[in-house]
Amino acid sequence: MLPWLGPDVAAAPFGVRAFAYTSLWVGHWFATQTVIWAILKVYQRYGWVKKNTRDPSLPLWHMLAADVFGYYSWAVGAGVVHAWYNPTWESWDYSFPYVKLFWLQLPILMAYDTWFFFVHRAVHINKWAFRHIHGMHHRSDAYLNVTSNSFEHPLDGFAVVGLPVGLVAWLGCWLGNWWALLIPLHTIACIFVFGHSGYELKLVELHEVALLAVNPMLLIQLVTPNSARPMDHEDHHTNPRVNFSLFFTFWDDLYDTAYPKRARCAVFSSLVSLAFYVLGTFFDAWVMYAPASLAAALAVHALTPLPAACYRLLGGAAARATTRLAAWDRLRREHLVSYAEKGAPGAFAADPARRYIFCYQPMGVQARGAWYTFAGKGRDSPVSGLHTVKLAVGRWIWPLPGVQQLLALYDCCDSSYATLKALLTDKVPKSVCITVGGFREAKYLQTYAVAVKCRKGFARLAAETGAALVPVVGVGETFLAGEPTFAARIFKLIVPFRPYPLQVVFGEPITPLEGESVAALHERYCAALLLLGKEHGVPLQIAE
């Protein structure tokens, strides 16, 4: 894509300039479509992706010719704006502040999706408009692959795409940054192509994630609330009464036209999630642009670890006050985390005089139930009545500057054996929660396979301290966001945007017997864990 077409075009009449720049955008979008189509064909040949729909019965030349005309109706808005501004090569700002550009897409896509939803829904509701205009896009002989993308009536293309794309182009030209013009339009084009591809694309496997090389800024859809999947628009072509949006699902959720039905993403949850990723993105920018500063901070932190007095301050009364705020109960409800009623199977009656080792499984993506039950306890967690319950987190994350202090305030501790034993043998009865399988269970996403046979340290810890082992199962943990995203698979840490209902259930405490071996205690725990899963209809299986 070129920011300028040279002095001859710049000096030409406005109509010629508009046609030239419109053709330039048509060429860019057609090339994008062709590249994605070629990659998906290769993937399909090797069995790496599944094609859910049949290809169009119309000849290929017919589909491609219709695509060209359709793309002109799409690109005319951008072409007219580009020609009206009539920039030169030198007038563009080519700086690339990727954090700002990345998040600039969000308000643009949300505003565009609002326009798209209501106009798209209107041409479906109005029988005349659907029969004479929009119906062309839903023709059965043009259903459904990449070439179906812009197979539509020119009036339809201009109303649904061309006009809002012109406004997006105006914003980019007004900002004067070439990337602020190109990136949003390229992202819009890619989402349209993927949405009409007819392929099962979850962006989970490595070869699917490689598709982001076509546009790395598409990551915006993985880190924002209620992002639509490519398969959602495929469902719209199967059933034209559902999924009118293309980029997000909030309007479909609001108007009850979403399919399949999903748990709505609460506003509070969305803001928390969005803030998490905005801060994370700016942190990445700091790492990229100031590596010396990061290295110095890490070195200072490693050489001067958190003083014991400071840890006791943050991890003691301050942590208890912070983690027992009512806000955690609200956050837990909005993320659909619940518990069994008191006295019902799976409920837990806390005895403040006892010490417990809560063994939470499965790990899932982020052990959401463990965070909301044993760290952000609020006032309604079953363990809120205990004096102290610490959630053990991996030693690899504990030393990070800033993270360690926040985790201490969040009532967490490092997962070293010495730390856990010191807590469980303290004069004041204290308890800990351990995610037994850890990240070894992350590879079993969307199943209830657990890694416990290979983990015996927690049983030895119970035998040495006399603390009771409590099996805890998160029913729904492995399906925390419906579809595990690329970020979830790689970083194993994600704030859930589309929460999956999760119920945390407890088994009966298993008290170590006098003279009982670690192996026997471990065997009793495994039996109790499987029994707990069976009682609650969870197909737990010990994988390793």
- More than 12 foreign heavy atoms under 6.0 Å from OH of Y94: is that the case here? yes
- Message: As a quick check of understanding, evaluate ring pair (Phe, Tyr, Trp, His ring centres under 6.0 Å) for Y372 and Y339, giving each step before the final call.
- Response: CA-CA 11 Å; Y372 289 137; Y339 306 105; over 10 Å; no
- Assign the ring pair H236 / H124 to parallel, tilted or perpendicular, where the plane angle (0 to 90°) is split at 30° and 60°. perpendicular
- Item | Y72 and F19 aromatic ring geometry - parallel, tilted or perpendicular at 30°/60° bounds | parallel
- Roughly how far, to the nearest 0.5 Å, is the CH2 atom of W25 from the CG atom of L185? 4.5 Å
- Task: Please step through ring pair (Phe, Tyr, Trp, His ring centres under 6.0 Å) for the pair H132 and H153, ending with a clear verdict.
- Result: CA-CA 9 Å; H132 294 93; H153 193 285; 9.5 Å; no
- Going by the angle between their ring planes, with limits at 30° and 60°, are H82 and W178 parallel, tilted or perpendicular? tilted
- Query: Parallel, tilted or perpendicular for F116 and F192, by the 30°/60° rule?
  - Reply: perpendicular
- So how far is it from C190 SG to N215 CG, rounded to the nearest 0.5 Å? 4.5 Å
- Exactly one of E234, K50, Q44 clears side-chain hydrogen bond (donor to acceptor under 3.5 Å, both in side chains) with Y199, and that residue is Q44
- Message: Parallel, tilted or perpendicular: which one describes the rings of W74 and W29, with boundaries at 30° and 60°?
- Response: perpendicular
- Message: I need the Y43 OH to I36 CD1 distance, nearest 0.5 Å.
- Response: 11.5 Å
- Query: How are the rings of H233 and H137 set to each other: parallel, tilted or perpendicular (split at 30° and 60°)?
  - Reply: tilted
- Task: Check the surroundings of atom CZ in F69: do more than 12 heavy atoms from other residues, nucleotides or ligands lie under 6.0 Å from it?
- Result: no
- Roughly how far, to the nearest 0.5 Å, is the OG1 atom of T32 from the CH2 atom of W37? 14.5 Å
- Task: Give, for atom CG of L540 and atom SG of C526, the distance between the pair rounded to the nearest 0.5 Å.
- Result: 11.0 Å
- Message: Heavy-atom count check: over 12 atoms from other residues, nucleotides or ligands less than 6.0 Å from W84 CH2?
- Response: no
